[in-house]
Amino acid sequence: MYKTKEYEGIDYFRVIAAMLIIAIHTSPLSSVNDTADFVFTRIIARIGVPFFFMTTGFFLLPQYIGKTGPRDNLIRFFKKVLRLYAIAILLYLPVNIYAGYFNDTSLFPKIIKDVVFDGTFYHLWYLPAVIMGVGIVYVLLKMCKPKNVFYITVMLYVVGLFGDSYYGIAQKIPFLKSSYDLIFKFSDYTRNGIFFAPIFLFLGGMIGKSNKRVHVKKHVMGLIVSTILLLSEGLCLNNFSLQRHDSMYFMLLPCMYFLFQLVLLWQGRSKKILRKVSMCVYLVHPFFIILVRGFAKLTDLSWLLIDNSIVHYLMVVITSFIFSFFYSTVASRKRIGNS
């Protein structure tokens with residue numbers, strides 16, 4: 001590993017990020033209040049995926065910023081994620097078959113688009129995105145100075161914004177609308193490995209490379225102000241019905257920068273088990289959404305386990321984490337036993 005310090009805060013926040021991602025897919029406050037649910041799931045919970053991108057950038061990319069790092073580390077990373085992606089595709093294959101995924105008349109182009117950009121199941125887009133994002137940042141770092149890489153990745157993010165939360169504006173400009181219509185033929189969303197992932201990966205890498213002292217008061221104030229502006233941005237965009245999707249916001253960039261810096265202050269012994277658990281939760285939680293819903297219908301408990309959004313969310317979180325802790329523990333022991 002490039003980093004010699006251990007960052008306990010990152011490992012604990014991975015768990016929080018995984019819980020926020022489950023919230024996006026279960027809308028835990030929808031049976032309480034629609035506005036509260038939007039604020040929590042469509043704005044606040046959107047920090048989950050960028051945090052995972054920044055964590056990858058923090059540990060992987062500093063060795064390639066300003067110098068040529070060992071290519072072996074990059075190759076190992078790509079192989080690891082590709083293997084994980086292949087397993088995840090096979091894991092959700094029965095669900096896809098049941099849902100009629102393969103009945104599509106233009107099946108081959110759909111499979112290519114999903115495997116490369118959108119993921120073969122709704123949450124799996126993260127895996128090809130992190131592969132593509134790391135590849136883009138690596139190539140840019142080989143070609144440009146870090147400052148220029150920052151500008152380019154920000155520009156890509158801005159392009160993505162107008163295909164996401166700001167699409168209502170782009171839609172009214174014929175040239176932009178036709179450009180995004182072309183993009184959407186290749187990817188259903190702009191929150192992908194080209195427009196969304198690179199800036200967060202690069203920010204994580206730059207933070208990992210920097211040795212600057214974190215001014216706690218300034219970063220706390222920065223986080224508070226940027227969070228307030230993020231909430232205002234999200235509510236405003238929703239109020240004017242500008243959003244095609246709600247993954248990307250301008251203020252998500254400074255918000256994630258200040259948040260990540262503050263999480264790094266929580267130093268202590270690294271919790272490897274939490275890394276495995278959080279990734280496992282990310283991969284399997286849609287299965288537990290299906291299982292909780294199925295169990296609720298079989299037992300006539302839909303009124304509690306589905307209609308009550310808070311209980312539904314908690315049940316998915318609890319079952320996903322129990323399985324993930326059990327699986328990660330068994331896998332770790334088996335690996336130790338074979339070593």
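In what follows, every heavy atom counts, from backbone to side chain, and hydrogens, waters and symmetry copies are set aside.
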Exercise. Is it true that atom CZ of F78 has more than 12 heavy atoms of other residues, nucleotides or ligands lying nearer than 6.0 Å?
Worked result: yes
Exercise. Do you reckon F52 sits in the same ILVMFWY cluster as L82, going by side-chain contacts under 4.5 Å, direct or chained?
Worked result: yes
For this session: Please check if any side-chain donor atom of H285 sits under 3.5 Å from a side-chain acceptor atom of H25, or the reverse.
Result: yes
Seminar exercise, completed: Scanning both residues in full, the closest heavy-atom pair of H312 with L305 reads ND1-O, 2.9 Å
Problem set entry | same_hphob_cluster(F295, I322) at 4.5 Å side-chain heavy-atom cutoff | no
Exercise. Rounded to the nearest 0.5 Å, how far apart are OG of S27 and CD1 of I310?
Worked result: 12.0 Å
Exercise. Would one find more than 12 heavy atoms of other residues, nucleotides or ligands at under 6.0 Å from atom CZ of F186?
Worked result: no
Problem set entry | Residue pair F200 / M54: nearest heavy atoms and the distance that separates them | O-CG, 3.2 Å
For this session: Just grab all the side chain to side chain donor-acceptor pair (under 3.5 Å) pairs involving residues 74-87, residues at least two apart or on different chains.
Result: N73-R76
For this session: Go through the steps to decide whether R275 and S270 satisfy the test side chain to side chain donor-acceptor pair (under 3.5 Å), and finish with yes or no.
Result: CA-CA 9 Å; R275 280 177 253 163; S270 180; 2.4 Å; yes
Exercise. Same cluster or not: are I16 and Y313 linked, directly or through other Ile, Leu, Val, Met, Phe, Trp or Tyr residues, by side-chain heavy atoms under 4.5 angstrom apart?
Worked result: yes
Seminar exercise, completed: L201 and G133 have their tightest heavy-atom pair at CD1-C, 3.4 Å
For this session: Look at atom CZ of F184 and say whether more than 12 heavy atoms of other residues, nucleotides or ligands are closer to it than 6.0 Å.
Result: yes
For this session: Please lay out, stage by stage, how Y166 and Q171 fare under the test side chain to side chain donor-acceptor pair (under 3.5 Å).
Result: CA-CA 9 Å; Y166 287 81; Q171 199 176 26; over 6 Å; no
Problem set entry | Distance-only side-chain donor-acceptor flag, S31 / D307, under 3.5 Å | no
For this session: Scan side-chain atoms only and decide if T120 and D114 contain a donor-acceptor pair under the 3.5 Å cut-off.
Result: no
Problem set entry | Gap separating the CZ atom of R293 from the CG atom of L301, nearest 0.5 angstrom | 14.0 Å
Problem set entry | For the student: nearest non-hydrogen atoms of R14 and T55, plus distance | NH2-CG2, 3.5 Å
Exercise. What do the steps show when you test F77 against V130 for side chain to side chain contact (heavy atoms under 4.5 Å, CB included), and what is the final call?
Worked result: CA-CA 10 Å; F77 171 79; V130 76; 4.0 Å; yes
Exercise. Between L274 and F325, is any pair of side-chain heavy atoms under 4.5 Å apart?
Worked result: yes
For this session: For F195 and Y157, run ring-ring contact (aromatic ring centres under 6.0 Å, His included): C-alpha distance rounded to whole Å, both residues' side-chain angles, the deciding distance at 0.1 Å, then the answer.
Result: CA-CA 5 Å; F195 303 110; Y157 187 77; 10.0 Å; no
Exercise. With a distance cut-off below 6.0 Å to the six-membered ring centre and an angular limit of 45° from the axis, does R191 pair with Y189 as a cation-pi contact?
Worked result: yes
Problem set entry | Same apolar cluster (I L V M F W Y, side chains within < 4.5 Å links), F150/M155 | no
Seminar exercise, completed: Quick note, side chain to side chain donor-acceptor pair (under 3.5 Å) partners involving residues 235-257, not counting sequence neighbours, are R46-D246, R46-S247, S165-Q243, Q243-Y249, H245-S247, Y257-Q261
Exercise. Measuring from F202:CZ to Y64:OH, what's the distance to the nearest 0.5 Å?
Worked result: 15.0 Å
For this session: Taking the side chain as every heavy atom from C-beta outward, state whether P286 and Y92 have any atom pair closer than 4.5 Å.
Result: yes
Exercise. L20 and I44: which non-hydrogen atoms are nearest, and at how many Å?
Worked result: CD1-O, 4.4 Å
Exercise. Roughly how far apart are I199 CD1 and I136 CD1, rounded to 0.5 Å?
Worked result: 12.0 Å
Problem set entry | Hydrophobic cluster membership, I169 vs F240, 4.5 Å side-chain cutoff | yes
Problem set entry | Considering all heavy atoms, the nearest K271-R269 contact | NZ-O, 3.0 Å
Problem set entry | F102 side chain reached by L93 side chain, heavy atoms, under 4.5 Å | yes
Seminar exercise, completed: Between the OG atom in S187 and the CG atom in D118, the distance rounded to the nearest 0.5 Å is 4.0 Å
For this session: Apply salt bridge (Lys or Arg N to Asp or Glu O under 4.0 Å) to the pair K113 and D188, showing each step before the final yes or no.
Result: CA-CA 8 Å; K113 179 167 71 76; D188 288 341; 2.8 Å; yes
Seminar exercise, completed: Contacts of K145 meeting side-chain contact (heavy atoms from CB on, under 4.5 Å) (sequence neighbours excluded), chain-then-number -> N148
